[in-house]
Amino acid sequence: MYRRWLWPSFAFPGVLWLVLLFVVPFYAVLGVAFGTVDPILFQPVPIWNPLNWNVGWLTEVINRLAPGGIWFDVGIRTIVYVALSLGLSLLIGYPVAYYTARHAGRWKGVILVLIILPLWISYMMRMLAWVNLLQADGYVNRFLIFTHVLSQPRDWLGGSASTVIFALVYGYIPFLILPLFASLDRIDRSHLEAARDLGASRWSAFRTVTLPLSKTGILGGAVLITLPMFGDYYTPNIVSSSPTTSMIGNQIDLYFHGGPQPTIGAALTIVLAAFLTILMLYYMWSIHRAQREVGAVGAL
Amino acid sequence: MARGEIELSKLTKQFAEVTAVDGINLQIPGGEFFSLLGPSGCGKTTTLRMIAGFEQPTSGQILLDGTDVAYTPPHRRNVNTVFQNYALFPHLNVYDNIAFGLRRAKRPKGEIRERVGKALELVQLAGYEKRKASQLSGGQQQRVALARALILNPAVLLLDEPLGALDAKLRKALQIELKSLQQEVGITFLYVTHDQEEALTMSDRLAVMNGGHIEQVGAPQDVYEDPETLFVADFLGVSNLMEARVVSAGTEACRVAVDGYELETRGTNQDVIGAAKIVIRPERVELEEHGAPPGPNRVPGMVERLVYVGSAVQVIVRAATGETLQALVQNKGTGLGFEQGTPVQLHLPPDALRVLPSGIGDEPSLKGEEGQDAAEEAEEETAAAT
Amino acid sequence: MTAVAEPRATPRSSAFVRIRGWLRNPWGKPRFLVLITWAYILWSIVPVLIAVQFSFNATRSRTVWDSFSTRWYWGDPVDSVWHDPTLRHALVQSFKLAGADVLIAVPLGVLLALGLARWHGRGSGVSNFIMLFPLVTPEIVMGVSLLLVFTQLFTFIHTGTFAQILGHVTFSISFVVVIVRARLFSIGRQYEEAAADLGASPFVALTRVLLPLLTPAIVASAAVVFAISADDFVISQWLSKGGPTDTVPIQIYAATRAAPLPSVNAIATIMMVSTLLIVTAGFLTWRLFTRGERRTGTAAEDFGGAFNIS
């Protein structure tokens, strides 16, 4: 019914924009990372021709990340922080999502709004809230002293790994709960009833029916929060004043804003992106699939 | 000049590797209620969509009152459609839905108001102007869809399984309404359905489609009583197929042998020799008492099962030839006279028996099934995607 | 079902046993889930409420409450949001970027959504892939790449407001596409076909039939774009040239690392309330427009579709 050129021409402006401002910039990172540095001005000199690329800086970065390198600790720490944050988020988030999806009854709408709410509250605001609470004279210390857990105020913001992990969990968990909820909500009640009918206990029905069926939600949500967490630098900076809790993102930030060595920063960015590629590709595929699903239902 | 005459000439539609419509030829004179009948994936919907203009044929012609419209965009064809899910515009109320086409044609406001009013009366929905589609029942939505299409005085009205979403009783009522509406309005209705009862009830003529081509065209009575292929025989009603061997064939009468019994059947124009199949409708099978005087076309049998369906009783009989036949006995209130497990004599009147060549459309649903499913999927994919 | 088991006949059951029994109620809702959920909700929201509360603190403390005052909003002649130019500019800048983002990204995204949903020729797969990429890319990667492209390649664009707008639009377009395309898929092509059938040209079918039906998705995506733009920190910071091009999140970030006043709570509250109002307006509009259509799941789920990937 429509002319053949109509849809591609609709897509053209958006695609052009993304090519110019997303694909090309990415190539700029490659150009700088594989470029050289002007020895006098300390400015990066990008090399645009892949045939002439200089892998020197990339090698340098990889060496620094390797065991024995100066960034090895940072790399390990980043992975540990992300893993722990993810684990804690799942531990807290799954029951919440499960309850909301399956047992909330008439509260479901209200709880859903309350769970979605943090997504619309600025991340910085939420971090600010905890920075205030974790001050030496903030409510957390005052409460803990009041309940005799602590005898004197503790420095939460001075460089504590647990604070950073706590902040990461607090910041990212809403993004995990939503996809978890969506996939749990989708599970047909009759599957569970069939399992109970066939003799499964409540826990066993959960383990053999609900858990496997929510796997895509778990995976999807995990990828959804892990990707940005790996690049996070602001969270450690906000809740920790010490470089002992710095993550990979901090290193990148440092080399761009701390002291001008963008080439190293670019190379490190490339390594980070490469490391995350599999996760990114999986995420893209699952979005694509979800859109197709809506389409299949909609076409009926 | 005949208004609303459709002619399809070698019409073909191919989706990737699947041929949904395979070079069909069809002629529908104006003013007829014509049905395209067939199982899912047989190509009937694709054919309809090509006539409407939503699909472009791969090759062939679609002649509407003599003009080939195969490559004319849908908004320029004098053809209107009632969609399966009605497709009433959700953001418009009933009045605006029905007035939509007239507004596109830039008719003056007064004329629009008058015509919409008449259309609403025609479908008995006067007073519903301000309602939105979501506030209407299924049957009401369907009538709005009808009004919306008919108001434009198309030469042909296309209906794509419009009664599919309704419950049985409403469906029956609307079938009658649609039929009388067509007679009142007088234009060609091209009706697509998979429900053979519906097609038989409503059509002046119908075409049975299978796997992308037309198996038979004719008036309901002819197609039902005189099926030309196995598929048609099997698709419309119960067919009581029996394997047979042709003894002699002719246009007046034939003789076949079924497991030692020789039966006389109707004549046929088709080429039947050797192995063949014979068909008889359940309501033509006559049941006689066991021990009744034997005669031609009589086969003994055993009553296997009785199924009471309200207005009649289905008597499932295992004939001495080995096959299981179904006889349909009208419920006259006097009791059946046959019980499960009792012997009975089947009388198969010669003019009720038809011979069909074995091999035409052999196992049609199986052979074409993959193709049908693939065609159906391809249709849905392009539907979702385009 | 077998008969419910009789409760254990312990006439003087201890509090512990009673609580445990309440928790373990086999036929009712699992109580510990209720506890966890509400505890989570409180943990999630109460800190923010406290921060909002302290924005109305009469003293300079963000940790010790004194009394209610609007000093930090407009009262204090030096440090209130109204009077402190740094804070005021940050607020203005945030709204500027968010507004520009909506005005550019939504039309581009709607067109892109339409194009990608219906285009099946060569290049559509690649285009779809390119569209999905910003959604999965960590922000720091995007920040680095944008900064480098503006300093090394497109050097005619300097860091500052214009660059920030370009960056915001770049990551926003994909959200619009995902939201609008989902709505497109659920609409299907039946209405446009019906319109064409009734004599509407393709242009009319698009503008008089499809576009009105897409409106809830367009409005929703505008609200989402506003929210993510207002919330954005990384891209804004990397493309900022300091001073008035700093946005509210950047100010908050700087403040948390220095010794901030409750005025930063105030500015954060203002931004948060604005975003919530806009998101709620978008949500309500979505609800209003899709009122008649049968939808599965709650409207809240449809609206959270941007983050729904499974």
Side-chain angles (χ1 to χ4, degrees), chain A residues 1-2 7-8 10-11 13-15 18 21-22 25-26 28-29 32 46 95-96 99 103 109 112-114 116 118 120-125 128-133 135 137-138 178-179 182-183 216-217 220 227-228 231 234 238 249 252 269 273 280 283-284 286-287 290-291 294-295 298-299, chain C residues 29 33 36-37 40-41 44 47-48 50-51 62-64 108-109 111-112 114-116 118-119 127 130 132 134 136 138-141 144-146 148-149 152-153 166 170 173 181-182 185-186 188 196 202 227 231 233 249 252-253 256-257 268 271-272 275-276 279 298 300 304 307-310:
Chain A
M1 249 179 71
Y2 295 102
W7 304 124
F10 271 20
V15 175
L18 287 176
L21 285 166
F22 184 78
F26 199 74
V29 180
V32 169
V96 175
Y99 174 75
H103 292 292
L112 202 53
V113 169
L114 289 173
I116 295 182
W120 307 116
I121 300 177
S122 153
Y123 188 92
M124 284 302 154
M125 170 70 146
L128 175 69
W130 276 104
V131 166
N132 288 344
L133 292 176
Q135 294 289 322
D137 58 346
L178 201 56
S183 91
T216 38
L227 277 172
Y234 37 92
I238 293 176
I252 298 180
T269 305
M280 285 163 67
Y283 184 13
M284 281 174 71
S286 62
I287 297 181
Q291 297 244 291
V294 181
Chain C
K29 301 174 197 278
L33 286 182
I36 289 191
T37 305
Y40 165 77
I41 291 178
S44 181
V48 174
I50 295 179
R62 293 169 300 135
T63 48
V64 179
L108 277 178
L111 286 175
L112 186 56
L114 280 169
L116 286 180
R118 292 172 173 201
W119 174 24
S127 301
I130 294 179
L132 288 175
V136 309
E139 282 189 293
I140 195 173
V141 173
V144 167
S145 62
L146 282 171
L148 284 180
V149 90
Q152 304 297 333
L153 201 55
L166 292 180
T170 307
I173 292 183
R181 203 161 62 161
F185 279 150
S186 86
D231 184 21
F233 169 72
I252 301 177
Y253 178 74
T256 58
R257 312 179 71 194
M271 214 58 225
M272 177 183 89
T275 303
L276 285 178
V279 167
T298 62
F307 303 98
N308 181 357
I309 60 168
S310 36

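First the proteins, then the strands, lettered A, B, ... as listed; each starts at 1. If you're wondering where the values come from, they're calculated on a predicted model, not measured in any experiment.
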For A/M124 and C/T256, run side-chain contact (heavy atoms from CB on, under 4.5 Å): C-alpha distance rounded to whole Å, both residues' side-chain angles, the deciding distance at 0.1 Å, then the answer.
CA-CA 9 Å; A/M124 284 302 154; C/T256 58; over 6 Å; no
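- Residues C/P134 and A/L18 come closest through the heavy atom pair CG-CD2, 4.1 Å.
- Contact annotation for C/I36: both backbone and side-chain heavy atoms come within less than 4.5 Å of a heavy atom of chain A.
- A side chain to side chain contact (heavy atoms under 4.5 Å, CB included) with A/P25 is found for one member of C/V149, C/L153, C/V141 and no other, namely C/V149.
- One finds the CG atom of C/L108 at 12.5 Å from the CZ atom of A/F10 (value rounded to the nearest 0.5 Å).
- With respect to chain C, the highest number of heavy-atom pairs below 4.5 Å among A/G249, A/G138, A/S122 belongs to A/S122.
- Of the atoms belonging to C/T170, heavy atoms from both backbone and side chain fall under 4.5 Å from chain A.
- Contact annotation for C/Q152: both backbone and side-chain heavy atoms come within less than 4.5 Å of a heavy atom of chain A.
- When heavy atoms are compared at a cutoff of 4.5 Å, C/I173 approaches chain A solely by way of its side chain, counted from C-beta outward.
- Only the side chain of C/I252 comes within less than 4.5 Å of a heavy atom of chain A; its backbone N, CA, C and O stay farther away.
- Between chain C and the options A/L227, A/L128, A/V32, heavy-atom pairs under 4.5 Å are most frequent for A/L128.
- At a 4.5 Å heavy-atom cutoff, the contact between C/I50 and chain A is made by side-chain atoms alone.
- Inter-residue side-chain proximity for A/T269 and C/L148 is flagged as unmet; no heavy-atom pair is nearer than 4.5 Å.
- Among all heavy-atom pairs drawn from A/P95 and C/L33, the shortest one is CB-CD2, 3.6 Å.
- Distance alone, capped at 3.5 Å, is enough to place a donor-acceptor pair between the C/D231 side chain and the A/Y123 backbone.
- Residue with the most contacts toward chain C among A/A273, A/G14, A/P228: A/G14 (heavy-atom pairs, distance under 4.5 Å).
- For C/I130, the parts lying near chain A are the backbone and the side chain together; criterion is any non-hydrogen pair under 4.5 Å.
- Only the side chain of C/R257 comes within less than 4.5 Å of a heavy atom in chain A; its backbone stays farther off.
- Contact of C/M271 with chain A is not made at all, since no heavy-atom distance falls under 4.5 Å.
- Between chain C and the options A/V15, A/V131, A/D137, the largest number of non-hydrogen pairs under 4.5 Å is found for A/D137.
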